[in-house]
Amino acid sequence: MNPTQELEAEHNAILAALRILNALVQQMLAETAVPPDDVAELLGFLKEFADKCHHGKEEGALFPALLKADDNLREPVLIMLAEHAEGRRLVRAMEAAFVPPVRREEFVSAAKDYIRLLQAHIEKENRFLFQTTNRLLTGPELEAIADEFEAFEKKVIGHERHEQLHRLLETLKAKYGQPTLTCF
């Protein structure tokens, strides 16, 4: 699979997780009880799948290949890296706000910011960065990135864990559905 296609497929999973996060936020805003295990599992998914695995592949293989191909991409890559860092900060803020006693307002604020950030981030990557990648890099270069992705995933989370994370996401989707993402 082309590495940008793989990343776009992962974006779809991340967007599904954002929809679940949005549903949890809506429950909190309605002052409905939110199962702590669901929040913990979703935040774990975002940390492990979205950041460690997905962003890890971008940071370790894709971005360096793009910069090697065209140094003019330094600014867009730096923006993507800054957004990755901001996403990590927001996930930590959600985790901290959800430790009893739960601070709903802080959690909701961080979650809304995270949803906005990731939606815009994914849009930039899908519409600009991945198209640029496919235009600039040759077949062998893309194959090398795909090989790096596979090795990275095997080393960092393992194939079985990747599948477990997808099953967790499917379980949460079954519970919360896939509502439209609210633009906050």
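This structure is a prediction, so every number in the text was calculated from the model and none was measured.
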**Prompt:** Is the shortest distance from a Lys or Arg side-chain nitrogen in K173 or E170 to a carboxylate oxygen in the other one below 4.0 Å?
**Reply:** yes
**Request:** Using the rule that two of Ile, Leu, Val, Met, Phe, Trp, Tyr join whenever any of their side-chain heavy atoms come within less than 4.5 Å, decide whether L118 and L78 are in one cluster.
**Result:** no
**Asked** L168 versus Q164: any side-chain heavy-atom pair under 4.5 Å?
**Response** no
**Asked** Nearest heavy-atom pair of I20 and G177: which atoms, and what distance?
**Response** CG1-O, 4.3 Å
**Message:** If I compare all heavy atoms of L46 with all of A17, which pair ends up nearest, and what's the gap?
**Reply:** CD2-CB, 3.9 Å
**Asked** Minimum heavy-atom separation for A13 to F45, with atom names?
**Response** O-CE2, 4.2 Å
**Item:** Results of side-chain hydrogen bond (donor to acceptor under 3.5 Å, both in side chains) for N12 - residues two or more places apart only
**Value:** none
**Message:** With clusters defined by side-chain heavy atoms of hydrophobic residues (ILVMFWY) lying less than 4.5 Å apart, directly or transitively, does F49 cluster with M80?
**Reply:** no
**Request:** Quick one: list whatever passes side-chain contact (heavy atoms from CB on, under 4.5 Å) with E163, sequence neighbours left out.
**Result:** H159, R167
**Item:** Distance, nearest 0.5 Å, that separates CG of L90 from CG of D113
**Value:** 5.5 Å
Show me, pair by pair, the donor-acceptor contacts under 3.5 angstrom made by side chains of residues 28-38, not counting sequence neighbours?
residue	atom	partner	partner atom	Å
D38	OD1	K175	NZ	3.4
D38	OD2	K175	NZ	2.7
D38	OD2	Y176	OH	2.5

**Request:** State plainly whether one hydrophobic cluster holds both L169 and L7, where clusters connect Ile, Leu, Val, Met, Phe, Trp and Tyr through side-chain heavy atoms under 4.5 angstrom apart.
**Result:** no
**Request:** Tell me whether F128 is reachable from L136 by hopping between hydrophobic residues (I, L, V, M, F, W, Y) whose side-chain heavy atoms are closer than 4.5 Å.
**Result:** yes
**Item:** E58/K124 ion pair, N-O < 4.0 Å
**Value:** no
**Request:** Hey, could you give me the CG/CD distance between L172 and E41, rounded to the nearest 0.5 Å?
**Result:** 6.0 Å
**Request:** Step by step, work out the side-chain contact (heavy atoms from CB on, under 4.5 Å) result for D70 and T132.
**Result:** CA-CA 10 Å; D70 186 350; T132 300; over 6 Å; no
**Request:** Start with the C-alpha gap between L21 and M94, add the side-chain angles, then the distance that decides, and say whether side-chain contact (heavy atoms from CB on, under 4.5 Å) holds.
**Result:** CA-CA 11 Å; L21 180 58; M94 285 185 280; 4.1 Å; yes
**Request:** Tell me, please, which residues at least two apart from E105 pass salt bridge (Lys or Arg N to Asp or Glu O under 4.0 Å).
**Result:** none
**Prompt:** Step by step, would you call I79 with E83 a side-chain contact (heavy atoms from CB on, under 4.5 Å)?
**Reply:** CA-CA 6 Å; I79 290 168; E83 290 175 359; 3.6 Å; yes
**Asked** Going by the ring pair (Phe, Tyr, Trp, His ring centres under 6.0 Å) test, which pairs reach into residues 2-39, not counting sequence neighbours?
**Response** H11-H54, H11-F130
**Message:** Between L43 and V39, does the side-chain contact (heavy atoms from CB on, under 4.5 Å) criterion hold? Intermediate values first, please.
**Reply:** CA-CA 6 Å; L43 293 178; V39 174; 3.9 Å; yes
Under 3.5 Å, sequence neighbours excluded: what are the donor-acceptor pairs made by side chains of residues 146-154?
residue	atom	partner	partner atom	Å
E153	OE1	K57	NZ	2.8
E153	OE1	H162	ND1	3.4
E153	OE2	H162	ND1	2.8

**Prompt:** Who pairs with E141 by side-chain contact (heavy atoms from CB on, under 4.5 Å), at least two apart in sequence or on another chain?
**Reply:** L137, T138
**Message:** Using the salt bridge (Lys or Arg N to Asp or Glu O under 4.0 Å) criterion, which residues pair with R74? Sequence neighbours excluded.
**Reply:** D71
**Prompt:** Quick one: side-chain hydrogen bond (donor to acceptor under 3.5 Å, both in side chains) partners of E86, sequence neighbours excluded?
**Reply:** R89
**Item:** Closest heavy-atom pair and its distance - I145, L62
**Value:** CD1-CD1, 4.3 Å
**Any L142 side-chain heavy atom under 4.5 Å of T133 side chain** = yes
**Any residue meeting side-chain hydrogen bond (donor to acceptor under 3.5 Å, both in side chains) with R103, in chain and number order, not counting sequence neighbours** = E106
**Item:** Close side-chain approach of R88 to V91, heavy-atom, < 4.5 Å
**Value:** no
**Item:** side-chain hydrogen bond (donor to acceptor under 3.5 Å, both in side chains) partners of S109, counting only residues at least two apart
**Value:** none
**ring pair (Phe, Tyr, Trp, His ring centres under 6.0 Å): pairs with one or both residues in residues 56-108, sequence neighbours excluded** = H55-H84, F63-H84, H84-H121, F98-F107
**Request:** Supply the atom-to-atom distance L73 CG to L129 CG, rounded to the nearest 0.5 angstrom.
**Result:** 7.0 Å
